[in-house]
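Below, chains carry the letters A, B, ... as their sequence lines are ordered, and counting in each starts from 1.
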Protein chains: 2
Amino acid sequence: MLLIEKVLILRSSDIFQNTPEQELVGLAGILEEMYLEPEENLFSKGDKGTCMYFIYKGQVRIHDGNYTLAVLEDNDIVGELSVLDSESRSASATTIDETILLKLEQEPFYEIMMNNVEVLKGILNTLCRRLRIMDDKSVSFHNKTLPAVPTV
Amino acid sequence: MLLIEKVLILRSSDIFQNTPEQELVGLAGILEEMYLEPEENLFSKGDKGTCMYFIYKGQVRIHDGNYTLAVLEDNDIVGELSVLDSESRSASATTIDETILLKLEQEPFYEIMMNNVEVLKGILNTLCRRLRIMDDKSVSFHNKTLPAVPTV
């Protein structure tokens, strides 16, 4: 796969959409290509997660046992929180079709993040935006069991 | 206020609970003390937010016009997302009693975060944990309008 293709995949993601091109080239250089067969297990619920995956081509089922939580496709990201916080996987991931993934490990990712404030800001903005969206929705739905303190 | 008191306030917060003591001392040194009267406006909905506040003593009402969203008290944090993403305030904040706050500006905060991977990891872990909690709740409540893709 060409470096430029990897850069384009990174750029299409929620997390890296605002990252400068030069940094994306650096990140693209440390992505590992993975070719998986259909019905191949990527990770299981409870596994320690220290990497995330970009789906280049294919389909990945996110599931808890037989219960399917989501089907992720081209350009989707799998396991983006685990690369940030090293928590265990909250669900399993198994391919549906032949799938090509790009794997990003935590350590080089942190290294690039620590050396470039723009990458860090991009990540933080994305996480904050998601929290704000979920906060808005929780307020909209008057769901009293969700956190009552708004994030202002 | 003693530096050690400021360190203890930082340590009691969700965001800095896992930050090493040495870094907390650094952060405590850049906190600005603010003394507010009752019914004093701290910020208004729509203001650009570039700082967060720790409540040392007092009460702050988070509101949208006359509608109260939350009342925050001693050791609570006000505006923690805005220091990270510079978005505008999603609600207003007004004191109820006399209130002592500690103000943390974005720029020195970023500087400390970029120079210490432990501080950065603490922040990222906190944001990810919140997203995981909200994700769990959204799954529990089968709220179909919340994001369908689980964060694994």
Side-chain angles (χ1 to χ4, degrees), chain A residues 14 42-43 45 47 49 52-53 62-64 69-72 76-93 110-111 113-117 120-121 123-141 143 145-152, chain B residues 42-43 45 47 49 52-53 62-64 69-72 76-93 110-111 113-117 120-141 143 145-152:
Chain A
D14 188 28
L42 184 61
F43 54 76
K45 181 178 176 175
D47 285 356
M52 65 190 284
Y53 305 89
I62 306 299
H63 58 101
D64 190 351
L69 295 158
V71 173
L72 305 179
D76 283 336
I77 298 178
V78 188
E80 70 278 21
L81 288 192
S82 291
V83 79
L84 295 170
D85 69 2
S86 315
E87 286 296 310
S88 58
R89 306 289 188 185
S90 56
S92 302
Y110 258 90
E111 215 163 280
M113 194 160 53
M114 292 298 289
N115 289 320
N116 190 293
V117 73
L120 174 60
K121 281 186 176 172
I123 304 294
L124 290 172
N125 283 349
T126 301
L127 295 176
C128 290
R129 191 170 60 242
R130 286 193 196 172
L131 278 170
R132 286 178 191 272
I133 289 169
M134 295 187 94
D135 247 21
D136 282 350
K137 288 192 188 290
S138 76
V139 169
S140 304
F141 287 98
N143 191 333
T145 61
L146 280 166
V149 179
T151 43
V152 291
Chain B
L42 184 60
F43 55 75
K45 181 177 175 176
D47 284 356
M52 65 190 284
Y53 306 88
I62 306 300
H63 59 101
D64 190 350
L69 294 158
V71 173
L72 305 179
D76 283 337
I77 298 178
V78 187
E80 70 278 20
L81 288 192
S82 291
V83 80
L84 295 170
D85 69 3
S86 315
E87 287 295 311
S88 57
R89 306 289 187 186
S90 56
S92 301
Y110 258 89
E111 215 164 278
M113 193 161 54
M114 292 297 289
N115 288 319
N116 191 292
V117 72
L120 174 59
K121 281 186 177 171
I123 304 294
L124 290 172
N125 283 350
T126 301
L127 295 176
C128 290
R129 191 169 59 244
R130 287 193 196 173
L131 278 170
R132 286 177 192 274
I133 289 169
M134 296 188 92
D135 247 22
D136 283 350
K137 288 192 189 289
S138 75
V139 169
S140 305
F141 288 98
N143 192 334
T145 62
L146 280 166
V149 179
T151 44
V152 290

Worksheet item: With sequence neighbours excluded, what pairs up with A:Asp64 under the side-chain hydrogen bond (donor to acceptor under 3.5 Å, both in side chains) test?
Response: A:Lys45

Worksheet item: Under the side-chain hydrogen bond (donor to acceptor under 3.5 Å, both in side chains) test, which residues partner B:Asp85, sequence neighbours left out?
Response: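 With neighbours one apart ignored, the set is A:Arg132.
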
Discussion item. Would you compute the distance between atom CZ of B:Arg130 and atom CZ of A:Arg130 and round it to the nearest 0.5 angstrom?
Written reply: 15.0 Å

Fill in: Between OG1 on residue A:Thr126 and CG on residue B:Leu131, distance to nearest 0.5 Å
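These two atoms lie 10.5 Å from each other.
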
Fill in: Nearest atoms (heavy-atom pairs only) where A:Leu120 meets B:Met113
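Shortest heavy-atom separation between A:Leu120 and B:Met113 comes out as CD2-CE, 4.0 Å.
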
Worksheet item: How far apart are the closest heavy atoms of A:Leu84 and B:Asn125, and which atoms are they?
Response: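 Reported closest heavy-atom pair: O-OD1, 3.6 Å.
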
Fill in: Heavy-atom proximity to chain A below 4.5 Å, by part of B:Met52
neither

